[in-house]
Structures are given as structure tokens and as C-alpha cells.
Amino acid sequence: MRLSTLFTKTLKEAPKDELSVNARLLMQAGFIDKLTAGVYTFLPLGLRVLKKIENIIREEMNKVGGQEILMPALTPKSIWETTGRWAAFDALFRLAGTDNKEYALGATHEEVVVPLAQKYVFSYKDLPLYIYQIQDKFRNEKRAKSGILRGREFIMKDLYSFHTDEADLDEYYKAMQKVYFKIFERCGLLDKTYLTFASGGSFSKYSHEFQTITPAGEDEIYICESCQIAVNKEIVGDLENKCPNCGNKNLKADKAIEVGNIFKLITKFSDPFGFSYVDEGGNKKPVIMGCFGLGLSRVLGTVAEVRHDDRGLVWPKEIAPFTVHLVTINSPDIEANNKIKLASEKIYRELQTGGIEVLFDDREGETSTGEKFADADLIGCPLRLVVSERTLEQDSVEVKNREEENKELVKISRVTHNI
Ligand code: ATP
Ligand code: MG
């Protein structure tokens, strides 16, 4: 992609009315735009990151047998009445249709997925079953001041699992914990993310959250450093401030943001819908359920919170909008400038042919070298390549890692191999 044709521009300064670090950085760098509190547009650069996170999640969900679907966001009141959540779910966006019926915008999808699965699951032979989607969710959040960490419209992966018994659910639940850590590893959040014991609601003792340490976090967790797990402050009373694994009472308090949450629903939603199956002995039994949520837009915002410096974003390689930010330094000398342009166009083509994603700062005229470098740091691609009169004297480009200060010259003929 060429910066000269990208319709969005970086901002000289972060938007003043924006308080959260993630939104300030992502808006300044041209990844997102704010429509109103808690509602954002993903711009070309931001959408590339989002799609990469999405594909990582999709890959990992498919590996554990997930079947992807897309459920509607517009849902009738009747299904929410079946579970009692029309009245009980505070943050539900409720709206009226022209047919005298009322609707809700999907805040979560148990009420849609259970009647759906019920149409196909009759016997133990139809189980287990794992269904997921990646979709916009709507919640009328009271406080929407944390940028994309807390949207009123946001993107979630929600997987629902259906089992014959709790032992089968337990096994899948454990496997999913590993899968979640794999996802956080690939998104560059592993070192700061803890499996956290949280309240389980009425059907199971605990649920598990995946909490990433950041001052921007709205939760407080207590970490057991020897077990590398944590307890959410909201349930600490129950656990008497000790590690649920080893009993250690010396826990470290920190602020964190919940990037994922997994629940054993057991029969919480199968009961109200009367969702049952016939077991091997011909007996009717309730279907046992689990649910596994993960916020994609929140993950993106969390990466911005935990991976930046005073110059801008610092993307981990696997979810960076581009691997390489290629910068051309123009020369006032026409002949020299033509050489620079030719060489950088060639490098741009070769990198792309080599399967390397490149953001090419081919801007001329008004844009100064300082501005180009500042933009490269702000946007935060892992590698910056510079082509100038000086580098071409040695048939080279200058290569710099976003996270390091040192630069090295690499021969043009070797560039594609070295990246
Ligand atoms: P929180 O406690 O932060 O309000 P939650 O417990 O209500 O979140 P869940 O219902 O467990 O959230 O949703 C699953 C996942 O969806 C969360 O772990 C989080 O990653 C994401 N998520 C939830 N609410 C939002 C939101 N308003 N904006 C962005 N992501 C969200
Ligand atoms: Mg939660």
C-alpha cells in the first residue's frame, strides 16, 4: 500500500478530547475514527490489524473443532423473555419495530444459538458440538471512556459448546484455556495475560477471565507469581485472598483489562429453552453448555495500550498492519531523485513478490524526512527501511527495527532474504 494514495492521514497531535491511550494513539496514527462515544470506524490500517487478529482466532477455533456461523444482530424480544434477560440485562439496546414488536441488538448470543442448535441436536450422536461467530455486539455501556476497550458497538468472538455431560465440558474447557493463551501469544499479549478466577454466576463456582495487566484496565486482580494465575478482586472474598491453586497468600495487586471470559453454563440456557438430547440408554437429558467469549476490538486496543512508546505504536509482527514501512528520502537533485525513486519502486515490488507486506511512503513534495520518520514510528510497523542517496551509494537500504535504536545497511540484493 502506498502512503501517497492512502485516504487517511496521521494527525499532528492526538485528539484532545480523547482520554484513553489506545484511542489517542490509534486515532492519531489513522487506525480508527470516532463517530460518537463508544462507536468507532476501523480505517484501512486498523482494519488490517483487526483482520489479522480475526484470522488468528478463526484458525485457533477451527483447530478445536469450531464451526463458524454468523448470527443476526437484530433479535426478537421473545427469545430474551424466555431466559428472563429482556428485563435483567441492563446494557441491552432495546428498540421497536414497525410491526408492533420489540427487538434487541445482540449483546451476546445464547438466546439465538440455543434455539438454533436445538433444531439439529436430538441424540448423544449429535454431541459434542462447537459453534462460533465473529460479530459486532451492542451494549449500552454506561461508561464508554476507554476508547475501543469499551465500545457500545464492539467485535466479539463467541463460541458456544454443547456436551452430553459435565466431564466432556470440563475437558473442552481446559483445552480452550490453552487455545486462548495461544491466541494471546500470537497477538503479543502473552507475557502480560493471566488466567483469572472470577465469579461464575449461579451455575458454576468460578468462571475464568483472561486479564491483561495495564494501567488502563478497569479491573483489579491479585496475582500469584509462582502459579502465574490471578483472582479477580470482585470475588476475592470467596477465596479469602489466597491463590486457588497453591494457597499462597502473598498475592500482588494490579490493574488489568479482561480480554476474554469463559464460562461453564451447564444448563443455564438449555433449561429455559427445554434443550435436551436422548442418551445411549434412551433417556432424555439436558444438554450441557459452555461459552467462550473474546473481544477482538478490545484485544486490538489492549495491544495499543501495552505496546507503545512516546513515539507511537509498536506492533507485534503477527498482527502488524504491515511488516515493513519503506521510506523514500527525496533529493533536490533531479537525477539523484530519479535514481532513488527507481530503486525504491524496485524494492517495493520485490518485497511484495517475496510475500512481504509493505507500507510504502512514496510521498514527495511537502512531506519532510522528519515527518516521514515520525509517521513510521507512530504507525509502528516492525521494520523501517530507508532508501536515500547515501544508502544507494552502497547499493543498500537502511534497516531499523521499531523496538531498537541501531540501524544497519543491507545490500538491496539481499533485502528480501533478510526480512
Ligand atoms: P466487562 O466486565 O469488561 O464489561 P463482560 O464481562 O461484560 O466485560 P463478556 O460478556 O464476558 O464481557 O464478553 C466477552 C468478551 O467481550 C470480554 O472478555 C471482552 O473481551 C469483550 N467485551 C465485553 N464488553 C466489551 C465492550 N463494551 N467493548 C469491547 N469489548 C468488550
Ligand atoms: Mg466477562
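Both counts, for ligands and for their atoms, begin at 1 and track the order of listing.
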Protein contact of atom 6 (O) of ligand 1 - nearest heavy atom, named by residue and atom, plus distance: E258 OE1, 3.2 Å
Nearest protein heavy atom with distance in Å, relative to atom 24 (N) of ligand 1: F154 CZ, 3.5 Å
Proximal atoms of ligand 1 relative to [X] (non-hydrogen, under 4.0 Å):
X    : answer
G151 : 26 (C), 27 (N), 28 (N), 29 (C)
G260 : 18 (O)
E141 : 24 (N), 26 (C), 27 (N)

What part of [X], side chain from CB on, backbone N/CA/C/O, both or neither, has a heavy atom under 4.0 Å from ligand 1?
X    : value
V259 : backbone
I257 : neither
M156 : side chain
R139 : side chain

Option nearest atom 1 (P) of ligand 1 (shortest heavy-atom distance, choices E209, E234, R150): R150
N261, T212, L294: member with heavy atom nearest to atom 11 (O) of ligand 1: N261
Presence of N, O or S from E258 under 2.8 Å of the Mg ion (ligand 2): yes
Metal proximity, S207 vs the Mg ion (ligand 2), N/O/S cut-off 2.8 Å: no
Near-ring test Y173/H208, centroid separation under 6.0 angstrom: yes
Sub-6.0 Å ring centroid separation between Y132 and F292: no
Kindly indicate whether the side chain of [X], heavy atoms from C-beta on, has any atom under 4.5 Å from the side chain of [Y].
X    : Y    : answer
R363 : K372 : yes
K285 : T164 : no
R85  : F269 : yes
I213 : Y194 : yes
L351 : I347 : yes

Stepwise side chain to side chain donor-acceptor pair (under 3.5 Å) test for T193 and T212: CA-CA 4 Å; T193 303; T212 305; 3.0 Å; yes
Salt-bridge contact E110-K268 (side-chain N to carboxylate O under 4.0 Å): no
Charged N-O contact under 4.0 Å between E218 and R150: yes
Proximity flag L149 to ligand 1, non-hydrogen atoms under 4.0 Å: yes
Distance-only N or O hit between ligand 1 and G295, under 3.5 Å: yes
